[in-house]
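Input: a single structure, listed below in structure tokens.
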Amino acid sequence: MKSRMHLVACYDVDTTTPEGERRLRKVAKACEAFGTRVQKSVFEVSVTPVDYEKMLKRVLGIISREQDTFRVYFLKAEFADCVKVYGLAHGTDFEAPLIV
């Protein structure tokens, strides 16, 4: 099994124009393809380095670098060791079997 990267990806897309609203939907779909949404614009992601590059290329091809922001926080420890959730939780167990 290839090594996996655990990260948190989030974005802020300017939605004051119809083009911005379209970018917002596209960025959300791109992130959904690689991770699990935990808040409106925050995703927990566990990917191989190759898939990370695919996600990054896809998102950077969508956003406007003058109007939007895309951030990635790399988690160095195991997810369970570095993420604490309070309140209503929709956490992701990346080690559990994925049922589609």
Q: State, without any angle test, whether Thr48 and Arg4 hold a side-chain donor-acceptor pair at a distance under 3.5 Å.
A: no
Q: Over all heavy atoms of both residues, which pair between Phe43 and Ala28 is shortest? Give the atoms and the distance, please.
A: CZ-O, 3.9 Å
Q: Working to the nearest 0.5 Å, report the span between CD1 of Ile63 and CG of Asp14.
A: 12.0 Å
Q: Answer yes or no: is there a side-chain heavy-atom contact under 4.5 Å between Leu24 and Tyr11?
A: yes
Q. Picking from Lys29, Arg25, Lys26, what satisfies side chain to side chain contact (heavy atoms under 4.5 Å, CB included) with Ile62?
A. Lys26
Q | salt bridge (Lys or Arg N to Asp or Glu O under 4.0 Å) contacts in which one or both residues fall within residues 59-76, not counting sequence neighbours | A | Arg23-Asp68
Q.
To check you understand the geometry: which heavy-atom pair defines the closest contact between Gly20 and Val13, and what is its length?
A. O-CG1, 3.4 Å
Q: Report the C-alpha distance between Tyr52 and Leu7 in whole Å, list the side-chain angles of each, state the deciding distance to 0.1 Å, and finish with yes or no for side chain to side chain contact (heavy atoms under 4.5 Å, CB included).
A: CA-CA 10 Å; Tyr52 169 71; Leu7 52 101; 3.8 Å; yes
Q | Met5 versus Phe74, closest heavy-atom pair with distance | A | CE-CE2, 3.4 Å
Q: Kindly indicate whether the side chain of Val72, heavy atoms from C-beta on, has any atom under 4.5 Å from the side chain of Val8.
A: no
Q: Over all heavy atoms of both residues, which pair between Ser3 and Pro49 is shortest? Give the atoms and the distance, please.
A: O-CD, 3.3 Å
Q) In Å, rounded to the nearest 0.5 Å, how long is the span from CD of Glu21 to OG1 of Thr16? A) 8.5 Å
Q.
For Cys10, is there any backbone N or O sitting under 3.5 Å from a side-chain donor or acceptor partner on Ser41?
A. no
Q) Taking only residues two or more places apart in sequence or in another chain, which ones pass salt bridge (charged side-chain N to carboxylate O under 4.0 Å, His left out) with Lys54? A) Asp51
Q: Determine, stepwise, if the pair Cys31 / Phe70 fulfils side chain to side chain contact (heavy atoms under 4.5 Å, CB included).
A: CA-CA 11 Å; Cys31 290; Phe70 181 67; 4.0 Å; yes
Q. Considering all heavy atoms of both residues, which atom of Val45 and which atom of Phe34 are nearest to each other, and what is their separation?
A. CG1-O, 3.5 Å
